[in-house]
Amino acid sequence: MKKIFALVDCNNFYASCERVFNPTVMNRPVAVLSNNDGCVVARSDEVKALGVVLGTPYFKCQKQVRKHNIAIFSSNYTLYGDMSQRVMETLEQFTPDIEIYSIDEAFLSLSGFEHLNLYQYGRNIRRTVEKWTGIPVSIGIAATKTLAKIATRIAKKEKSFKGVCSLVNDSRLDDVLKATPVENIWGIGRRSAKKLHARGLYNAKRFKYANAKWVKKHLTVVGLRIQQELWETSCIPLEQFPPPKKQIICSRSFGRPVTSLHDLREAVSDYTHQAAMKLRKQKSLAEVLQVYIATNRFKAEPQYCNAMHVTFPSATADSFQLARFACRCMERIFRSGYRYKKAGVVLAGLIPEGESQADLFWNTSSLRKQKLMDGLDVINEKYGHGSIRIASAGIRQPWQMKRDFMSPHYTTRWNDIPVVKATES
DNA sequence: TCTGGGGTCCTAGGACCC
DNA sequence: TCTGGGGTCCTAGGACCC
């Protein structure tokens, strides 16, 4: 049976989320900043039109922000995560086979839906999502994921398509590919694009008809798969049930330079706890813990970075145990006299709960400790992240990241629920 | 003053084994 | 003086994604 994939992609997702509950920015350009208010990571259409490039450091576009009255927001992941869930739940109305690919994208399997007018079906999905969540989306429909990605670009770019583009059984497919630069193909990054250009392959159609042996040699099997997908041969399947993560990272830049071991210990304790919560959520244990620190590479000042990892005799998901080791690693790699910008924690060697090898001389997590962890997670889930932290993460936390333009937690905090006031006319 | 964070997959090369 | 061939496992680094 021929496969059909739809890709649903939220438009300017973070910026759209900020607009849903804040009508005052509906007609203003909106930009959302990365963690630490570092770079622009999401832009409304108006901001794109003003020429503000994705990834621009905030301090480099402040002039434009003032001149054009751009509304600026710090990243509010609690809000975006919740809005994402609403969008995904809406999509589940349309097919049971859905892969949540990222916070703002989902692949839907529409195989077996050929009897429908796929374009109209897409339009229906789009209307419903916008009505139920307030988030505008673009939808691309095609025989492979790679082609669905291309279709979505067209749906977004060509206004006459009204947000939906189907390339299923479409004789114009090669024309569409011809108009698609290779660097815009999903999975073709800067380096691969350069190689393709060097061989005179500038658009997706040329790539499609290129010599497969050459493709395999220079772009590996990954490139070969992409090429196959351009031929409508599906090689990248729908992953409905994503496998558990193989590593969990928590790393952050600091709001200001950090110089003391004390503060760095606090920071990695906090990061370790956050990573451990994710670890427990996917019901895994970690065998390896890694800690790293780095100075600010953009500054002309003494640079230092280092990392250290420990392997446990028996895998664990205990926040306290992990944090203790994280602090010990930090003590080992810390050198005084530097201004640190960033620290991170990696949990690796992840195995499913219940598959751990007990070690005779290793203090394995007791049942009581496990109950304590469960309690911690329940409370943090219910009252918001950071309601309960571990003491070694400190209270004052001078290293905390900057978030000067944070919007309220409209959907997840009682006190932040928007209030609509009637005015007398 | 101010430059994000969290992932995956693939390959090459070294260690080690039979 | 000569130094096969095949296999596995691990790690670091490259490339890419959102």
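So you know, we letter chains A, B, ... as the sequences are listed, proteins then strands, and number each from 1. Keep in mind that what you see is a predicted model, and the values were worked out from it rather than measured.
- The separation between A:Tyr80 atom OH and B:dG6 atom C1' is 17 Å, rounded to whole Å.
- Ranking C:dC18, B:dT8, B:dG5 by closeness to the A:Arg252 side chain, first place goes to B:dG5.
- Checked against C:dC16, B:dG5, B:dG7, the side chain of A:Ile249 finds its nearest nucleotide in B:dG7.
- At least one side-chain heavy atom of A:Phe13 sits under 4.5 Å from a side-chain heavy atom of A:Ile103.
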State the dot-bracket string of DNA chain C. Criteria: Watson-Crick or G-U wobble, both atom distances under 3.5 angstrom; notation: ( ) intrastrand, [ ] crossing earlier pairs, | interstrand, . unpaired. ....||||||||||||||
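- Distances were taken from every side-chain heavy atom of A:Arg190 (C-beta onward) to each of C:dC16, B:dC10, B:dG4; the shortest belongs to C:dC16.
- When the nucleotides B:dT11, B:dG4, B:dT3 are ranked by their closest atom to the side chain of A:Ser253, B:dG4 comes out on top.
- Contact check, A:Lys342 against B:dG5: a side-chain N or O comes under 4.0 Å of OP1 or OP2.
- Between the CG atom of A:Asp404 and the C1' atom of B:dC2 there is a distance of 11 Å, rounded to whole Å.
- Nucleic acid contact class of A:Asn36 (heavy atoms, under 4.0 Å, all strands): none.
- Taking the six-membered ring for Trp, A:Trp231 and A:Phe207 have ring centres at least 6.0 Å apart.
- Counting to the nearest Å, the C1' atom of C:dC18 and the CZ atom of A:Phe13 are 12 Å from each other.
- For the C1' atoms, the distance linking B:dT1 with C:dC17 amounts to 32 Å, nearest Å.
- Across B:dG14 and C:dG4, the matching P atoms stand 16 Å from one another, rounded to whole Å.
- Using modelled atom types, no side-chain atom of A:Ser284 and backbone atom of A:Arg280 make a donor-acceptor pair closer than 3.5 Å.
- Of all nucleotides listed (C:dA15, B:dT3, B:dC9), B:dC9 comes nearest to the side chain of A:Lys246.
- Look at CD on A:Gln62: it is 12 Å from P on B:dC2, rounded to the nearest Å.
- Of the listed residues (A:Met406, A:Glu18, A:Arg403), just one forms a side-chain contact (heavy atoms from CB on, under 4.5 Å) with A:Phe73, and that residue is A:Glu18.
- Between A:Thr56 and B:dT3 there is no side-chain polar atom (N or O) within less than 4.0 angstrom of OP1 or OP2.
- Between A:Val221 and A:Met401, the residue anchored closer to the 5' end of DNA chain B is A:Met401, taking for each the nucleotide with the nearest heavy atom.
- Side-chain contact between A:Lys145 and A:Glu99: present, with at least one pair of heavy atoms (C-beta onward) separated by less than 4.5 Å.
- A straight line from CZ of A:Arg339 to C1' of B:dC2 spans 13 Å, rounded to a whole angstrom.
- The residue A:Asp37 sits apart from the nucleic acid: no heavy atom pair falls under 4.0 Å.
- Looking only at side-chain heavy atoms (C-beta outward), A:Leu177 and A:Ile150 come within less than 4.5 Å of each other.
- Note: CG (A:Leu33) to C1' (B:dG5) measures 14 Å, nearest angstrom.
- Within 4.0 Å of A:Ser75, counting heavy atoms only, lies no atom of the nucleic acid at all.
- Residue contacts shown for A:Ile248 are limited to sugar-phosphate atoms, with no base heavy atom under 4.0 Å away.
- Summarising the geometry of A:Lys402 relative to A:Asn36, their closest heavy-atom pair is N-OD1, 2.7 Å, with the distance given to 0.1 Å.
- Among the protein residues, A:Phe298 comes within range of the nucleic acid bases, having at least one heavy atom under 4.0 Å from a base atom.
- Side-chain contact of A:Ser407 with A:Asn76: a donor-acceptor pair under 3.5 Å is present, judged by distance alone.
- Using cut-offs of 30° and 60° for the angle between ring planes, the A:Trp399 and A:Tyr271 rings count as perpendicular.
- In the set B:dC10, B:dG6, C:dC18, B:dC10 carries the atom at the smallest distance from any side-chain atom of A:Arg225.
- Residue A:Ile185 is classed as a sugar-phosphate contact, given heavy-atom separations below 4.0 Å to backbone atoms only.
- The nearest whole Å value for the distance from the OH atom in A:Tyr77 to the P atom in B:dG7 is 12 Å.
- When distances are taken from the side chain of A:Lys341 to each of C:dC16, B:dT3, B:dT11, the shortest belongs to B:dT3.
- Between A:Lys299 and B:dC2 there is a side-chain N or O to OP1 or OP2 distance below 4.0 Å.
- Mapping A:Val41 and A:Gln247 onto DNA chain B via the closest heavy atom, the residue that lands nearer the 5' end is A:Val41.
- The nearest whole Å value for the distance from the NZ atom in A:Lys156 to the C1' atom in C:dC18 is 11 Å.
- Using a 4.0 Å heavy-atom criterion, one finds that A:Ile188 contacts the sugar-phosphate atoms exclusively.
- An OP1 or OP2 oxygen of C:dC18 is reached within less than 4.0 angstrom by a side-chain nitrogen or oxygen of A:Lys149.
- Comparing B:dG4, B:dC10, C:dC18 against the side chain of A:Thr220 picks out B:dC10 as the nearest.
- Looking at A:Val30 and A:Tyr14, their side chains never come closer than 4.5 Å, going by heavy atoms from C-beta outward.
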